[in-house]
Structure formats: structure tokens, C-alpha cells
Participant: 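Take this structure first; my questions come after.
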Amino acid sequence: MIKFLYIALIVHFNILDLSAQFLNLQITIEPELSASVESDFSFGDLAANSGSFAVGLGDMGMGVFNIKAYHTQSIFVSLDYPPALTHPNPTVVDQIPIEMSIAYNNSGTNKTELATIIPNNTGYLPVQSNTNTTENASSEVWKSVYIYVFGSITVGNIALGEYSGDIILQIEFD
């Protein structure tokens with residue numbers, strides 16, 4: 001009797017294995033947005049009392065970012081920065097006033113002459129330019145938007161040292 005039960009259990013498990021169904025599912029999900037730094041923003045080394053210095057749109061030292069996204073997407077871009085750069089030593093109260101701006105080019109090429117300045121450093125941008133034809137729009141699914149960061153500072157009579165501040169370029173997609 002015990003031997004018979006043992007055999008019955010083996011048959012029962014085999015029947016379950018034969019009637020089971022398995023589904024092997026593989027999904028590859030592409031990221032909806034990627035960003036890369038094409039060129040770092042830099043004012044360079046400046047001397048105390050050197051006055052106003054600007055890195056304009058298209059100048060050397062301008063920050064360039066390449067955003068790749070799905071061609072029908074829109075992205076939200078904002079640039080936040082402090083009103084002044086500060087010295088790391090808290091006893092040094094000197095500051096360097098700073099003004100920053102951003103522009104974008106959604107033609108798919110890195111050309112500053114095609115850039116549009118973003119008012120108030122905040123806005124929604126279409127990934128694909130409205131000037132592209134339907135043929136061009138359907139030929140590539142992923143498009144590039146170039147974001148340009150530029151600005152100016154005024155260096156007065158300040159203590160020597162490095163001055164810094166957090167400049168944040170935030171990019172969100174829908």
C-alpha cells in the first residue's frame with residue numbers, strides 16, 4: 001500500500017509538469033531621454049578687479065548639451081543659478097554677481113545660429129522642429145535638441161580664491 005502511494009505521487013507530479021504552461025517574455029525598453037555634455041561651461045581664470053566678462057551664445061566656454069529624445073516628445077527645460085558666486089571660506093563675504101541664460105536648437109544639428117533663447121530660462125520645447133518635413137520626421141525616431149548655456153559675471157575688488165555656485169540645468173520629458 002505504501003509503495004502504491006509513492007508511485008501515485010510521482011505520476012501526479014509528472015501530470016502537473018506536463019500540463020503546466022510557461023511563458024518566456026523578454027522586453028527591451030529604450031530610455032525615453034538621454035543627455036550628454038558636448039562642451040563644459042567655463043568663464044576661465046579671471047583676475048580680481050577685471051570687471052565684467054561674458055561668455056555669449058556661440059562663444060568659446062559656452063556650455064553645450066545634447067538631449068536625445070523621441071521625436072514626438074516635448075521636454076521641459078529650466079536653468080537655476082544663484083545670484084552670485086561665493087568663496088568657500090565662510091569668513092570671506094565677497095561675491096561675484098552672475099547672470100545666466102539658455103537657448104535651444106531642435107533642428108538636429110549643433111548650430112548656434114539656429115538657436116532660440118528661452119525667456120526666463122524656463123520652457124517647454126518640442127524635440128522636433130516644426131520646419132521638418134513629414135518625410136524627415138518619419139525617417140528618424142530619435143532626435144537631438146541642443147541646449148546652450150551662456151552668461152556673464154562681474155569681478156570686482158574681491159579676495160583671491162575660487163568662487164563657486166550650483167548652476168542646475170533641469171530637463172524633464174513628458
Side-chain angles (χ1 to χ4, degrees), residues 23-47 50-88 95-155 158 161-174:
L23 178 62
N24 185 7
L25 180 62
Q26 273 188 316
I27 299 176
T28 302
I29 300 174
E30 294 289 329
E32 293 190 41
L33 183 122
S34 68
S36 62
V37 178
E38 299 285 317
S39 178
D40 290 324
F41 178 84
S42 175
F43 283 116
D45 294 331
L46 301 171
S50 61
S52 295
F53 185 79
V55 173
L57 180 60
D59 291 348
M60 294 294 289
M62 171 188 68
V64 180
F65 301 87
N66 182 3
I67 312 302
K68 289 188 180 179
Y70 194 68
H71 69 101
T72 59
Q73 282 183 297
S74 291
I75 57 175
F76 177 77
V77 178
S78 67
L79 180 71
D80 295 316
Y81 61 93
L85 303 177
T86 58
H87 197 280
Q95 296 183 345
I96 301 174
I98 184 170
E99 288 288 328
M100 302 294 295
S101 297
I102 55 175
Y104 76 98
N105 172 2
N106 62 354
S107 71
T109 57
N110 183 4
K111 294 183 179 179
T112 56
E113 60 270 14
L114 300 175
T116 303
I117 293 176
I118 302 171
N120 301 320
N121 293 329
T122 302
Y124 278 97
L125 316 174
V127 169
Q128 183 168 297
S129 172
N130 293 334
T131 60
N132 287 348
T133 64
T134 306
E135 182 181 313
N136 288 342
S138 62
S139 66
E140 290 184 38
V141 175
W142 301 99
K143 297 287 184 177
S144 287
V145 176
Y146 290 90
I147 306 292
Y148 305 106
V149 179
F150 52 100
S152 63
I153 57 174
T154 302
V155 182
I158 57 172
E162 289 187 13
Y163 289 78
S164 64
D166 292 330
I167 299 171
I168 300 169
L169 177 62
Q170 184 174 332
I171 299 166
E172 300 176 30
F173 63 96
D174 61 2

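Please read these numbers as outputs of a predicted model, since none were measured by experiment.
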Participant: Which atom names give the shortest non-hydrogen contact between Ser52 and Thr154, and what distance separates them?
Facilitator: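 Closest approach of Ser52 to Thr154, heavy atoms only: OG-OG1, 3.2 Å.
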
Participant: Just wondering, do Ile167 and Ile98 contact through their side chains at under 4.5 Å, heavy atoms?
Facilitator: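 Yes; the side chains approach each other to less than 4.5 Å.
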
Participant: Quick check for you: to the nearest 0.5 Å, what is the distance between Glu162 atom CD and Asp45 atom CG?
Facilitator: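 It is 9.0 Å, given to the nearest 0.5 Å.
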
Participant: Apply side chain to side chain contact (heavy atoms under 4.5 Å, CB included) to Gln170 and list each qualifying residue two or more places apart in sequence or on a separate chain.
Facilitator: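 For Gln170, the residues satisfying side chain to side chain contact (heavy atoms under 4.5 Å, CB included) (neighbours in sequence not counted) are Ser78, Glu172.
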
Participant: Using the side-chain hydrogen bond (donor to acceptor under 3.5 Å, both in side chains) criterion, which residues pair with Asn66? Sequence neighbours excluded.
Facilitator: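 side-chain hydrogen bond (donor to acceptor under 3.5 Å, both in side chains) list for Asn66, sorted by chain: Ser144.
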
Participant: For Val149 versus Met100, what's the shortest heavy-atom pair and its separation?
Facilitator: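 Heavy atoms only, the tightest pair is CG1-CE, 3.4 Å.
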
Participant: Just jot down the side chain to side chain contact (heavy atoms under 4.5 Å, CB included) partners of Glu99, sequence neighbours excluded, or say none.
Facilitator: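 Glu99: side chain to side chain contact (heavy atoms under 4.5 Å, CB included) contacts with Tyr81, Ser152.
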
Participant: I'd like to check the ring pair (Phe, Tyr, Trp, His ring centres under 6.0 Å) partners of Phe43; sequence neighbours left out, ordered by chain and number.
Facilitator: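 Partners of Phe43 by the ring pair (Phe, Tyr, Trp, His ring centres under 6.0 Å) criterion, ordered by chain and then number, come out as Phe41.
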
Participant: Is the closest side-chain heavy-atom distance between Ile147 and Leu125 below 4.5 Å?
Facilitator: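 The answer is yes; the side chains approach within 4.5 Å.
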
Participant: side-chain contact (heavy atoms from CB on, under 4.5 Å) between Tyr146 and Val64: does it pass, once the steps are laid out?
Facilitator: CA-CA 7 Å; Tyr146 290 90; Val64 180; 4.2 Å; yes

Participant: Evaluate the side-chain proximity of Leu46 to Ile153: yes if any heavy-atom separation is below 4.5 Å, no if none is.
Facilitator: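 Yes. Closest side-chain heavy atoms under 4.5 Å.
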
Participant: I want to check something: taking the side chain as every heavy atom from C-beta on, are Phe65 and Leu169 in contact at a cut-off of under 4.5 Å?
Facilitator: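 Phe65 reaches Leu169 side chain to side chain.
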
Participant: What pair of heavy atoms forms the shortest contact from Met62 to Val55, and how long is it?
Facilitator: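 Minimum heavy-atom contact is N-CG1, 3.4 Å.
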
Participant: Please name the pair of heavy atoms, one in Val145 and one in Pro126, separated by the smallest distance, quoted to 0.1 Å.
Facilitator: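 What the structure gives for the nearest pair is CG2-O, 4.3 Å.
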
Participant: What residues, two or more places apart in sequence or in another chain, satisfy side-chain hydrogen bond (donor to acceptor under 3.5 Å, both in side chains) together with Asn121?
Facilitator: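 With sequence neighbours excluded, Asn121 shows a side-chain hydrogen bond (donor to acceptor under 3.5 Å, both in side chains) to no residue whatsoever.
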
Participant: Once ring pair (Phe, Tyr, Trp, His ring centres under 6.0 Å) is applied, do any residues pair with Tyr163, and if so which ones, sequence neighbours excluded?
Facilitator: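 If we apply the ring pair (Phe, Tyr, Trp, His ring centres under 6.0 Å) test to Tyr163, skipping adjacent residues, the hits are His87.
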
Participant: Can you tell which of Thr112, Thr116, Asn110 makes a side-chain hydrogen bond (donor to acceptor under 3.5 Å, both in side chains) with Tyr148?
Facilitator: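 Result for side-chain hydrogen bond (donor to acceptor under 3.5 Å, both in side chains) with Tyr148: Asn110.
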
Participant: How far does OG of Ser74 sit from CG of Asn106, to the nearest 0.5 angstrom?
Facilitator: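 So the OG of Ser74 and the CG of Asn106 are separated by 10.0 Å.
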
Participant: For Glu113, I'd like to know if atom CD has over 12 heavy atoms of other residues, nucleotides or ligands within 6.0 Å.
Facilitator: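 More than 12 heavy atoms, drawn from other residues, nucleotides or ligands, come within 6.0 Å of this atom.
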
Participant: Nearest 0.5 Å, please: how far is CD1 in Ile67 from CD1 in Ile75?
Facilitator: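 Going from CD1 on Ile75 over to CD1 on Ile67, the span is 5.5 Å.
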
Participant: Would you compute the distance between atom CG of Asn105 and atom OG of Ser107 and round it to the nearest 0.5 angstrom?
Facilitator: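 Nearest 0.5 Å value for the CG-OG distance: 3.5 Å.
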
Participant: I need the Leu57 CG to Ile102 CD1 distance, nearest 0.5 Å.
Facilitator: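 Output value for this atom pair is 11.5 Å.
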
Participant: Between Gly165 and Leu85, what is the shortest heavy-atom contact and its length?
Facilitator: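 So the minimum-distance heavy-atom pair works out to N-CD2, 3.7 Å.
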
